[in-house]
Amino acid sequence: MSEQFQVTRRSMLAGAAIAGALTPLVGAVAAHAEEAVAKAAPVDIASLPRVKVDLVKPPFVHAHTQKAEGGPKVIEFTLTIEEKKIVIDEQGTELNAMTFNGSVPGPLMVVHQDDYVEVTLNNPETNQLQHNIDFHSATGALGGGALTVVNPGESAVLRFKATKAGVFVYHCAPPGMVPWHVTSGMNGAIMVLPREGLTDGKGKSIAYDKVYYVGEQDFYVPRDENGNFKKYESVGDAYADTLEVMRTLTPTHIVFNGAVGALTGDNALKAAVGEKVLIVHSQANRDTRPHLIGGHGDYVWATGKFRNPPDVDQETWFIPGGTAGAAFYTFEQPGIYAYVNHNLIEAFELGAAAHFTVTGDWNDDLMTAVRAPSGT
Ligand SMILES: [Cu+2]
């Protein structure tokens with residue numbers, strides 16, 4: 001390990017200990033965290049069946065049942081933190097990303113209400129920074145953030161009960177450096193399904209054929225004096241300049257799934273006419289307003305919480321920063337649909353767009369060209 005690496009790592013860890021408005025809060029709950037760790041697991045949890053889930057890279061989602069089978073279980077997930085360089089646009093702009101399992105966003109986890117979520121969080125020795133995880137679906141200890149602060153070379157295991165049904169953001173929230181980690185890619189979502197599956201709020205079951213996970217991300221990449229995006233040796237080296245850009249509140253990129261074009265063209269999401277698709281969409285830091293051009297949200301939980309009846313027949317829905325939302329749609333026409341953040345500058349200029357490629361037969365009743373564009 002080089003001396004420079006050591007210095008950077010030490011200074012970053014020291015920075016984590018002193019900087020930021022949330023530091024006193026984290027310190028205050030640390031004592032409770034120790035108590036929580038010391039308590040033995042209740043016997044009934046020890047007797048529950050355990051299921052180990054292999055997570056998959058978004059936009060895809062691991063296999064799961066929509067209706068719960070049997071009683072509550074302990075669902076085991078592993079998240080390994082990777083600090084890595086990623087390319088975030090077609091011009092080759094580089095970002096020193098921080099990730100859960102190597103992707104931006106991190107993987108979507110799926111459980112059922114009243115299951116226990118047991119997450120092993122690994123911070124490999126090869127990383128520079130301290131990290132943790134805050135689940136918006138969890139209760140207590142900063143969403144688990146206070147129980148999971150791991151330095152490079154450490155790991156922690158957190159268990160929480162999924163008491164609320166819905167889709168929820170999770171993100172890194174280390175003492176003093178929360179927005180930097182979140183806007184460097186350390187966020188994802190968990191879907192806590194009602195045990196009976198999704199319903200329209202009036203008792204009708206609305207099972208989906210496919211689920212896709214779109215994680216929207218604002219990035220803040222520093223530029224040099226000529227306006228070109230800068231590159232840095234390590235994530236630590238990028239910190240000071242990145243913080244300056246973050247403080248302008250003006251992202252340089254707003255993208256779906258980690259890069260401009262990550263879900264367009266050859267990477268488009270696939271569906272067929274008649275297929276029922278659930279789109280889970282999270283934004284851990286900024287507000288967004290998804291819109292499916294040429295389609296709708298048949299059932300939309302804009303703030304993602306499934307005990308609320310969904311809104312129906314939506315054109316655009318609003319997801320506040322720090323929230324995951326869910327939209328259910330049955331495709332009725334073939335073609336290419338753009339799925340965008342309907343701040344169109346953010347979609348077309350900064351990258352917040354995806355495509356659905358939908359196969360099937362055209363329905364003339366729904367739309368037809370009565371007269372094709374022509375001269376008069
Ligand atoms: Cu982190």
Side-chain angles (χ1 to χ4, degrees), residues 5 8-23 25-27 29-30 33 55 58 77-86 88 95-109 119-138 141-158 168-190 215-221 232 234-243 245-246 258 282-286 321-322:
F5 179 82
T8 307
R9 177 169 147 181
R10 258 202 307 277
S11 60
M12 297 316 298
L13 293 175
I18 58 170
L22 279 178
T23 303
L25 188 57
V26 174
V29 296
L55 292 165
F77 300 99
T78 298
L79 288 174
T80 298
I81 298 154
E82 285 182 47
E83 297 168 5
K84 62 191 281 197
K85 288 186 191 192
I86 61 171
I88 59 170
L95 182 94
N96 296 87
M98 310 179 206
T99 71
F100 290 107
N101 280 12
S103 63
V104 179
L108 184 77
M109 305 171 184
V119 179
T120 300
L121 184 66
N122 297 321
N123 189 0
E125 179 77 47
T126 45
N127 285 340
Q128 280 192 330
L129 304 174
Q130 184 182 73
H131 302 278
N132 67 355
I133 191 162
D134 166 357
F135 282 94
H136 289 189
S137 50
L142 306 181
L147 303 182
T148 53
V149 178
V150 280
N151 290 314
E154 295 181 342
S155 75
V157 181
L158 173 74
F168 297 82
V169 163
Y170 65 79
H171 63 87
C172 187
M177 297 194 174
V178 180
W180 180 43
H181 286 240
V182 172
T183 59
S184 297
M186 281 194 92
N187 60 86
I190 183 168
E216 184 172 334
Q217 180 72 61
D218 44 326
F219 288 131
Y220 302 81
V221 186
Y232 298 87
S234 73
V235 66
D237 294 336
Y239 173 63
D241 290 352
T242 303
L243 192 60
V245 184
M246 284 163 52
S282 66
Q283 220 308 5
N285 192 61
R286 264 176 125 255

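Please read all numbers here as calculations on a predicted model, not as lab measurements. In listed order, ligands and their atoms are each counted from 1.
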* Test item: F100 and C172 side chains (from C-beta on) under 4.5 Å apart, heavy atoms -> yes
* Atom name of the N, O or S atom in H131 that lies nearest to the Cu ion (ligand 1) -> ND1
* Asked: For P179, which residues count as a side chain to side chain contact (heavy atoms under 4.5 Å, CB included) partner, sequence neighbours excluded?
  -> M246
* Asked: Does any N or O in the side chain of Q217 come within less than 3.5 Å of the main-chain N or O of V104, such that one atom is a donor and the other an acceptor?
  -> no
* **Proximal heteroatom of H181 relative to the Cu ion (ligand 1) (N/O/S)** => ND1
* Asked: Is the Cu ion (ligand 1) less than 2.8 Å from an N/O/S atom of M186, whether that atom is in the backbone or a side chain?
  -> yes
* **T80 versus P124, closest heavy-atom pair with distance** => CG2-CG, 3.7 Å
